[in-house]
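Presented below is the structure to which this report refers.
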Amino acid sequence: MTEFPAVDLKPPGAAGDSLVRRLTRLNLLVLTATMLLTFALVGTATWFVARDRQMQSAELSAQLLANSVAPMLVFVDADAAHSELQSFSRRSDLLEVQVHTSKGALFAHWDAAGAAPHGPLAPPPQLPRHDSVTTTSAQALEVWVPVRLKGEHVGVLVVRESLQSLHRAVLLLSGVAAALIALAIWAAARGLRAVQRSALAPLVELSDLAERMSREHNYSRRAKVHRRDEVGRLTERFNDMLKRIEIWQADLHQQLEQEQEAGQHLHRLAHCDSLTGLPNRLFFQGELQRHLAHSAHAAELMALMFIDLDNFKTVNDEHGHDTGDAVLCEVARRMAGVVRARDVLCRLGGDEFALILPALPDQAAAEQLARRLIEAVRAPLRVDGRLMPIGATVGLAFFPLDAGDPGALLNASDRAMYAAKRAGKNTYRRARDAQAD
Ligand SMILES: Nc1nc2c(ncn2[C@@H]2O[C@H](COP(=O)(O)OP(=O)(O)OP(=O)(O)O)[C@@H](O)[C@H]2O)c(=O)[nH]1
């Protein structure tokens with residue numbers, strides 16, 4: 001199995017875990033909404049149930065009280081009725097009790113100290129048909145009970161109770177529930193974050209790795225497959241993709257290298273003389289132009305030598321073409337041995353050579369080099385033990401003295417070379433002197 005470099009990733013959730021945070025936030029939002037809705041529903045239901053229980057209790061107490069005060073109403077015993085109401089008043093939350101005669105006159109009455117004074121209360125119209133009628137407002141409830149003795153309607157009793165205690169109890173319950181909900185949401189937030197972080201860790205790792213790849217362009221890393229679920233399969237496909245990219249990248253790199261090598265080879269072929277290894281005419285043309293431009297810009301003296309071998313045809317004719325080639329190579333080697341490092345020696349073709357001499361201190365330096373070059377070529381040259389009658393004739397032209405552009409400079413040096421040939425070969429002529437000839 002292939003071993004891949006370990007992936008040094010940030011711990012999941014340290015940074016860039018926006019997915020974890022977003023999912024936790026969304027889950028918390030849904031959870032909070034659900035809890036608040038449940039809280040509202042349970043709170044409302046509790047309030048109604050508690051109020052109904054209070055109503056039932058108030059109705060029962062009112063019924064009992066009505067039974068007690070019925071004989072007192074019949075015998076018009078207001079004092080007894082009043083003390084009965086007094087003992088009834090021990091019931092908590094009670095605000096007021098009124099006993100009315102069947103004609104609607106107030107017979108007995110009790111109200112709690114501090115309760116808002118209330119005049120005689122008007123019985124609800126549906127009361128005669130019911131055993132009791134209860135009405136509620138935001139702050140209180142009223143229970144109306146007909147007072148009967150042996151089935152005969154003798155009066156009406158009304159009990160008014162405060163709902164304050166109920167409100168307080170519901171409020172207290174709501175407060176406790178709200179605190180518990182807040183605690184539950186806080187615990188859920190921590191739990192959800194931990195769960196999401198662990199569940200999304202492979203995805204966060206994958207995202208970190210992708211970011212790193214795009215930054216470093218290093219496709220040799222692989223993501224770890226944690227579980228065989230959807231994310232695990234995604235990670236496997238991602239790794240497959242990385243492997244393919246890595247192979248493509250290597251192929252592309254190799255291809256580029258080959259093309260680069262081929263290009264360099266072609267460049268060498270195009271600019272190099274295959275026999276002597278010297279730069280060829282194509283290269284010479286470019287270099288002459290470049291050096292001329294540089295000399296013009298730097299206001300430097302520059303020279304061009306046109307070199308033609310003497311009696312080379314004789315070498316070819318008498319000793320054969322291969323010997324002629326060997327002579328060309330040896331002459332090229334000798335000339336390259338005497339020129340300066342910055343000079344550019346080229347073979348133009350056949351037995352013709354050219355030498356560019358940039359940045360000359362004076363014309364004499366070029367003439368001295370021409371002499372050294374002629375000496376080097378005319379030194380005894382043997383091929384297979386046979387002495388070759390070879391020599392070199394040089395034409396010398398200066399920039400900017402003799403010509404101002406590459407073509408004119410080449411022509412001037414060529415003319416000077418022919419003047420030197422006419423003068424007897426194995427010598428050199430300057431373009432200026434050639435004009436005088
Ligand atoms: N061996 C060989 N000969 C070549 C090559 N290219 C051209 N030549 C021959 O080189 C000779 C050059 O002729 P010339 O320059 O006129 O003859 P030369 O004897 O040097 O004449 P002068 O310059 O007057 O001394 C011709 O015979 C060409 O065929 C080559 O690559 N190899």
Side-chain angles (χ1 to χ4, degrees), residues 265-288 303-339 343-357 366-367 369-397 402-403 407-437:
H265 185 63
L266 277 177
H267 188 267
R268 271 197 303 278
L269 282 181
H271 293 91
C272 187
D273 170 44
S274 57
L275 179 65
T276 60
L278 291 178
N280 63 11
R281 179 182 283 274
L282 185 66
F283 183 80
F284 164 74
Q285 285 166 343
E287 282 297 281
L288 182 62
L304 175 64
M305 276 189 204
F306 197 106
I307 307 154
D308 188 280
L309 301 189
D310 301 329
N311 314 318
F312 186 62
K313 191 171 180 315
T314 314
V315 172
N316 262 345
D317 293 349
E318 291 183 5
H319 303 285
H321 201 267
D322 287 348
T323 305
D325 280 355
V327 169
L328 281 175
C329 290
E330 175 58 17
V331 167
R333 195 187 64 76
R334 290 183 181 186
M335 289 194 292
V338 296
V339 299
D343 299 339
V344 185
L345 178 66
C346 307
R347 182 182 176 211
L348 298 184
D351 61 349
E352 291 177 351
F353 296 84
L355 177 63
I356 302 169
L357 302 163
E367 291 186 47
L369 190 62
R371 283 194 291 275
R372 282 214 327 258
L373 202 139
I374 291 165
E375 285 308 310
V377 176
R378 75 190 295 181
L381 193 162
R382 290 176 203 281
V383 179
D384 296 332
R386 289 167 296 180
L387 190 65
M388 298 294 135
I390 204 77
T393 298
V394 174
L396 192 54
D402 300 319
L409 194 66
L410 187 62
N411 288 337
S413 63
D414 188 35
R415 276 197 304 276
M417 188 276 292
Y418 276 110
K421 285 272 186 196
R422 284 196 297 275
K425 301 185 181 176
N426 253 321
T427 185
Y428 76 91
R429 276 291 180 276
R430 296 187 310 184
R432 214 167 349 131
D433 303 333
Q435 280 168 358
D437 286 348

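Whatever order the structure lists ligands and atoms in, that order sets their numbers, starting from 1.
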Checking a contact table here: which protein heavy atom is nearest atom 32 (N) of ligand 1, and how many Å away? D325 OD1, 2.8 Å

Heavy-atom closest contact (A392 atom, I307 atom, distance): CB-CG2, 4.0 Å

Check whether any side-chain heavy atom of L275 lies under 4.5 Å from a side-chain heavy atom of R347, and answer yes or no. yes

re atom 26 (C) of ligand 1, the protein heavy-atom contact at minimum distance is N316 ND2, 4.5 Å

Give a yes-or-no answer on whether the side chains of D310 and T393 include a donor-acceptor pair shorter than 3.5 Å. yes

For a 4.5 angstrom cut-off between non-hydrogen side-chain atoms, does E352 reach R281? yes

For atom 16 (O) of ligand 1, is there a protein heavy atom at a distance under 4.0 Å? no

Are F284 and V344 close enough that some pair of their side-chain heavy atoms sits under 4.5 Å apart? no

Part of T393 with heavy atoms under 4.0 Å of ligand 1, whether side chain, backbone, both or neither: neither

Closest heavy-atom pair, L381 versus I390, reported as atoms and distance to 0.1 Å, is CD1-CG2, 3.9 Å

Per-atom contacts of ligand 1 with D310, taking only distances under 4.0 Å to non-hydrogen atoms: 25 (O)

Can you tell if the side chain of H319 reaches within under 4.5 Å of the side chain of D384, non-hydrogen atoms only? no

Do M335 and L278 make a side-chain contact, defined as non-hydrogen atoms from C-beta onward lying under 4.5 Å apart? no

Side chain proximity check, L309 to F353, heavy atoms < 4.5 angstrom: yes

Under 4.0 Å between heavy atoms, the region of D308 that gets near ligand 1 turns out to be side chain

Looking at R372 and E375, does any basic side-chain N land under 4.0 Å from a carboxylate oxygen? no

In this structure, atom 21 (O) of ligand 1 is nearest to the protein heavy atom N311 N, 4.4 Å

What protein heavy atom sits nearest atom 11 (C) of ligand 1, and how far off is it? F312 CD2, 3.8 Å

Give me the residue, atom name and distance of the protein heavy atom closest to atom 20 (O) of ligand 1. D351 OD2, 2.9 Å

Polar proximity ligand 1 side, G324 side, N/O cut 3.5 Å exclusive: no

Which option out of R347, H319, K313 puts a heavy atom nearest to atom 5 (C) of ligand 1? R347

Distance filter under 4.0 Å to L309 heavy atoms, resulting ligand 1 atoms: 20 (O), 23 (O), 25 (O)

Could you establish whether K425 and ligand 1 come within less than 4.0 Å of each other, counting only heavy atoms on the residue side? yes

Do me a favour and list the nearest non-hydrogen protein atom to atom 22 (P) of ligand 1 with residue, atom name and distance? K421 NZ, 3.6 Å

Hey, which atoms in ligand 1 end up nearer than 4.0 Å to a heavy atom of L328? 30 (C), 31 (O), 32 (N)

Please find the pair of heavy atoms, one from G324 and one from V315, that lie closest to each other, and give the distance. CA-CG1, 4.0 Å

for atom 7 (C) of ligand 1, nearest protein heavy atom and its distance come out as G350 CA, 3.4 Å

Quick one: does ligand 1 sit under 4.0 Å from the side chain of M417, the backbone, both or neither, non-hydrogen atoms only? neither

